[in-house]
Amino acid sequence: MEQATDVIAATRTALNEASALAVQYAFSILGAMILLIAGWIMASFVSRWAYEGMSRVRGIDETLARFFTNVLRYALLILVFVTVLAQFGVQTASIIAALGAVGLAIGLALQGTLQNIAAGIMLLILRPFRVGEYIETSSVSGTVREIGLFATELKTSDGLYRLAPNSILWNTPITNYSREPTRQNELKISLAYEDDADAAMERLLGFAKADPRILRTPAPAVFIDSMSGATIGITLRYWAKTGDWWGVSRDMIKRAKLAVDRNGHLIPPYGTQVPPSPADADAEGIAGEPAMSERQGRR
């Protein structure tokens, strides 16, 4: 009987203490629940408002807007969670210190990934290239398909898929062959000394003026640019729209070759420099891969 009485007394004591604790923390629990719900709604509202605001700003990419929106939303949720813990008497200073230590550890472990994210943000802000443009760096080239926070997707001129980390694209000079509306091209041929250079120059200039795709301003020009022991170098320089650049360059080379064949001019093997075909311009009419003459000129 005494044991049963002790059990009953202990049970009553536990129930009384539980009731006291429930009464004591009832308002804290209720306040925490209200704070969590209100914080969740506020974080969603603020992030949506921030996304809409950044979307209206010209020059901010959608990927970048979504990234900053998510960062803001999770930062608000963490703040709400820390505030809820403070409702129950938890020392938030130690929690913040622990979160800082965890963030530092994650940052050191993902150092390379964070570099790609930082480079992706800078690429999205400065926009050295956009989707659909043809770019070339020292290590990669192709048509841009998607710009992400970690890497950029490209399609090469021969139809291959290429994924380039953003840190590589950010830390190297980029040549964008599609950004400018017009491009210059040079057609170089070599003639023998016995050939009529004036007639050849007039014929090349006539080809340029007869093609409506070649711009009149700046006007096309032809001139003698070199003299060697056996040949004279003639250059035709003209400008065309970027979208017409490849077609014009090929047509001009063909016309020059046919004219030389008809008139018997000498063209040594190292004479006319023919730009290589980038798989028919990526099968989509992307005007942009550099001609061999341009690459040789840069080197």
Side-chain angles (χ1 to χ4, degrees), residues 61-63 116 119-120 122-189 204 207-208 211-215 218 220 235-258 267 269-299:
D61 190 87
E62 182 180 358
T63 303
N116 288 327
M122 296 305 298
L123 291 174
L124 291 171
I125 292 176
L126 298 181
R127 289 176 172 266
F129 51 82
R130 296 183 177 90
V131 174
E133 294 181 339
Y134 190 95
I135 63 172
E136 181 184 50
T137 67
S138 58
S139 58
V140 66
S141 63
T143 302
V144 179
R145 293 305 188 201
E146 182 179 350
I147 305 173
L149 285 175
F150 298 94
T152 297
E153 298 181 8
L154 303 113
K155 182 180 180 181
T156 63
S157 58
D158 52 352
L160 298 179
Y161 172 84
R162 182 163 293 173
L163 185 68
N166 288 332
S167 58
I168 294 179
L169 298 177
W170 177 247
N171 294 321
T172 186
I174 298 174
T175 302
N176 190 328
Y177 290 98
S178 304
R179 176 62 56 87
E180 298 298 328
T182 60
R183 285 187 61 184
Q184 185 194 87
N185 191 30
E186 290 185 350
L187 175 62
K188 297 178 179 289
I189 66 172
L204 288 175
F207 291 155
D211 196 320
R213 296 170 297 178
I214 294 180
L215 302 179
T235 296
L236 170 65
R237 179 178 294 167
Y238 60 88
W239 288 77
K241 293 182 179 180
T242 302
D244 298 332
W245 191 89
W246 266 106
V248 173
S249 64
R250 293 169 179 173
D251 291 344
M252 292 301 295
I253 291 172
K254 180 179 179 180
R255 292 167 187 167
K257 179 62 171 62
L258 294 176
I267 299 184
Y270 54 85
T272 304
Q273 297 183 5
V274 182
S277 171
D280 290 331
D282 199 10
E284 294 184 6
I286 299 297
E289 190 168 1
M292 184 182 294
S293 58
E294 286 188 29
R295 294 181 178 176
Q296 292 176 346
R298 293 192 188 110
R299 294 174 184 168

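Residues take their numbers from the sequence shown, with the count starting at 1.
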* To do: Please confirm whether the backbone N or O of K241 pairs with a side-chain atom of R213, one donor and one acceptor, at under 3.5 Å?
  => no
* Asked: Taking all atoms of both residues into account, what is the closest heavy-atom pair of E133 and N176, and its distance?
  -> OE1-ND2, 2.6 Å
* To do: To the nearest 0.5 angstrom, please state how far the CZ atom of R183 sits from the CG atom of L215.
  => 13.0 Å
* At their closest point, which heavy atom of R255 faces which heavy atom of F207, and how far apart are they? -> O-CE1, 3.7 Å
* Asked: Taking the side chain as C-beta and beyond, is there a heavy-atom pair between S141 and T156 under 4.5 Å?
  -> no
* Quick one: pull up CG in L123 and CG in L149 and give me the separation to the nearest 0.5 Å. => 10.5 Å
* Structure fact -> Here the pair of heavy atoms bringing R237 nearest to Q184 is CD-NE2, 3.4 Å
* Hey, what do you get for CG (D211) to CE (M252), rounding to the nearest 0.5 Å? -> 7.0 Å
* Is there a donor-acceptor contact under 3.5 Å from the side chain of N185 to the main chain of W245? -> no
* When you look at V140 and T152, which way does the side chain to side chain contact (heavy atoms under 4.5 Å, CB included) test go after all the steps? -> CA-CA 11 Å; V140 66; T152 297; over 6 Å; no
* pair F129-L169: side-chain heavy atoms closer than 4.5 Å -> yes
* With no hydrogens and no angle check, is any side-chain donor or acceptor of D244 less than 3.5 Å from a backbone partner on I214? -> no
* To do: For residues L187 and A256, report the shortest heavy-atom separation together with the two atoms involved.
  => CD2-CB, 3.8 Å
* Asked: Under 4.5 Å between any side-chain heavy atoms of T172 and S139, yes or no?
  -> no
* **Student check: side-chain heavy atoms of V248 and Y238 closer than 4.5 Å** => yes
* For the atom pair OG1 (T235) and CD (E186), what is the distance rounded to the nearest 0.5 Å? -> 5.5 Å
* CD-CD distance between E153 and E146, expressed to the nearest 0.5 angstrom -> 4.5 Å
* Asked: Among T175, L154, T143, which residue meets the side chain to side chain contact (heavy atoms under 4.5 Å, CB included) test with I135?
  -> L154
* **Check: I174 main-chain N/O paired with T137 side-chain donor or acceptor under 3.5 Å** => no
* Asked: Counting only N and O atoms by type, is there a donor-acceptor contact under 3.5 Å from the side chain of N116 to the main-chain atoms of A151?
  -> no
* To do: Supply the atom-to-atom distance N166 CG to M122 CE, rounded to the nearest 0.5 angstrom.
  => 12.0 Å
* Distance-only, no hydrogens or angles: does the S178 side chain make a donor-acceptor pair with backbone N or O of Y134 under 3.5 Å? -> yes
